[in-house]
Amino acid sequence: MEIPAGDGSGAAAAWLPLWEPARVAREIREGVIFATLDEAARRELAEVPESAMEEKVAGALQHPKPLDISLPVFNAVLAAQYYEIFEALQLPRTMAVYEPCVGASPPVIFAAEAYGGAKASYLTINLNRRLRAQLQGRVAHLKMSIRIIEGDAQGALDHLAPRSFEVACFHHAVNDILQTAVSALRGFDTTDIDWFAQERRMIEWLAEDAQAGRLAERGQPELMRIVGDAIRLVRPGGWLIFDHWNWRKFIGVEWFPWELFYDLIPMTRQGIAESGLPVVEAPLTGADPQWWMILQVRA
């Protein structure tokens, strides 16, 4: 079973193919993405020689992510990728953005600010308190309305009204949802932990359950509930955007479930197709379906 395909005819052709390195380099060095960054991030980007910027952008766009990646460039490129998708989909500048499980990662927020400025709004449900505090510090300088709800995204409809958003974004979120679910099964509360210090343990549990064929019992149901709720929260004709990426350095690392993490987006695509949720897939030229999935909610 496959997700029904849309024709993509509504995309703004000027932005396709997505993420042309020279264009992205301009966006992050002096353009709309640069304007959303705080002073520290701007200084880091300014230290990258202009003659090397396009090459650094091309490296940041590779999959899996290379070992010699420039982190300041990479972080800005992540925001530029979402920004260009917003442009290609021609979302309203007054869009309301929902992001479950954001952690401390702000690319979607920077992209929304770049796209809509103070006219846009953003809301996330974030379970981990430490990551939430980090995120608040990283986006405090922005102008648009940003609301962070402490809680589990499985309870999104307890807080939010259906059809309240133009787009829901799952930026590198599928693995976090699965890791949280298998950790809860073991009595491990992720609400107030140092997430990155504990992440290897959670990934090992996820690998163990995947190897044993248990994700259909714990992991995938939680993921599908959060995705299903996101579809209900998005207005008909609105969008869901998913992405994932891996670091090349984890290839061959014994404890890291490379094949599982390589296939997280295809696995999610299959789960959505089997669920019969009311979406169609609308591929955009330049977005590799191994790492990206763009869905439109049926009207």
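Given the structure is predicted, the values throughout are model-derived calculations rather than measurements.
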Please report the interatomic distance [atom1]([X]) to [atom2]([Y]), rounded to the nearest 0.5 Å.
X    : Y    : atom1 : atom2 : answer
L240 : I294 : CG    : CD1   : 11.0 Å
I149 : R132 : CD1   : CZ    : 11.0 Å
I28  : R42  : CD1   : CZ    : 13.5 Å
L135 : I146 : CG    : CD1   : 7.5 Å

> Of all heavy-atom pairs between A112 and A120, which one has the smallest distance, and what is that distance?
Replying inline: O-CB, 3.9 Å
>> Testing the basics here: between A60 and K65, what is the closest heavy-atom pair and its distance to 0.1 Å?
In response: O-NZ, 2.7 Å
>> Out of the candidates W258, Y262, F256, F74, only one should pair with W247 under the ring-ring contact (aromatic ring centres under 6.0 Å, His included) rule; please name it.
In response: F74
>> Can a side-chain donor-acceptor contact be found between T124 and N126 if the only test is distance below 3.5 angstrom?
In response: no
>> Regarding E99 and Y122, do their side chains bring together a donor and an acceptor under 3.5 Å, going by distance alone?
In response: yes
>> side-chain contact (heavy atoms from CB on, under 4.5 Å), that's the test. Do Y98 and E166 meet it? Break it down for me.
In response: CA-CA 8 Å; Y98 170 57; E166 275 69 42; over 6 Å; no
>> With a 6.0 Å cut-off on the ring centroids, do W19 and W292 count as close?
In response: yes
Answer yes or no: is there a donor N or O on one side and an acceptor on the other, between the side chain of [X] and the main chain of [Y], under 3.5 Å?
X    : Y    : answer
D263 : P266 : no
R130 : D192 : yes
R248 : P64  : yes
E281 : L295 : no
S105 : V102 : no
H141 : T36  : yes

>> Run the salt bridge (charged side-chain N to carboxylate O under 4.0 Å, His left out) test on R129 and E150 for me, step by step, so that the C-alpha distance in whole Å, both residues' side-chain angles and the decisive distance to 0.1 Å come before the verdict.
In response: CA-CA 7 Å; R129 296 190 182 109; E150 180 180 339; 2.7 Å; yes
>> Tell me whether E47 is salt-bridged to R43, with the criterion being a basic N under 4.0 Å from an acidic carboxylate O.
In response: no
> Is any side-chain N of the basic residue among R186 and D209 closer than 4.0 Å to the acidic one's carboxylate O?
Replying inline: yes
> Just wondering, more than 12 heavy atoms not from E199 lying within 6.0 Å of its CD?
Replying inline: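 Atom CD in E199 is crowded, with more than 12 foreign heavy atoms closer than 6.0 Å.
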> Within a radius of less than 6.0 Å around CZ of R214, do more than 12 heavy atoms belonging to other residues, nucleotides or ligands occur?
Replying inline: yes
> Going through the distances and angles, do R218 and E208 end up as a salt bridge (charged side-chain N to carboxylate O under 4.0 Å, His left out)?
Replying inline: CA-CA 12 Å; R218 190 62 176 255; E208 179 183 317; over 6 Å; no
>> Between F110 and L142, is the side-chain contact (heavy atoms from CB on, under 4.5 Å) condition met? List the steps.
In response: CA-CA 8 Å; F110 290 157; L142 299 179; 3.8 Å; yes
>> Walk me through whether W245 and H172 qualify under ring-ring contact (aromatic ring centres under 6.0 Å, His included).
In response: CA-CA 7 Å; W245 44 266; H172 209 279; 4.4 Å; yes
Parallel, tilted or perpendicular: ring planes of [X] versus [Y], cut at 30 and 60 degrees:
X    : Y    : result
W255 : F250 : perpendicular
H244 : F261 : perpendicular
Y115 : F86  : perpendicular

>> One pair to check against side-chain contact (heavy atoms from CB on, under 4.5 Å): Q179 and I203. What are the steps and the verdict?
In response: CA-CA 6 Å; Q179 288 165 207; I203 291 174; 3.5 Å; yes
>> As a quick check of understanding, evaluate side-chain contact (heavy atoms from CB on, under 4.5 Å) for I265 and D243, giving each step before the final call.
In response: CA-CA 7 Å; I265 296 298; D243 79 291; 5.7 Å; no
>> According to a hydrophobic-cluster definition based on side-chain heavy atoms being under 4.5 Å apart (Ile, Leu, Val, Met, Phe, Trp, Tyr only), do L277 and I3 belong together?
In response: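 L277 and I3: one cluster.
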pair [X]-[Y]: side-chain heavy atoms closer than 4.5 Å:
X    : Y    : answer
V167 : L89  : no
L264 : L260 : yes
V97  : L123 : no

> With a cut-off of under 6.0 Å to the ring centre and 45° to the axis, is R201 in cation-pi contact with F188?
Replying inline: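 Ring-cation test returns yes.
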>> Using the rule side chain to side chain contact (heavy atoms under 4.5 Å, CB included), only one of L91, V234, V297 pairs with W239; which is it?
In response: L91
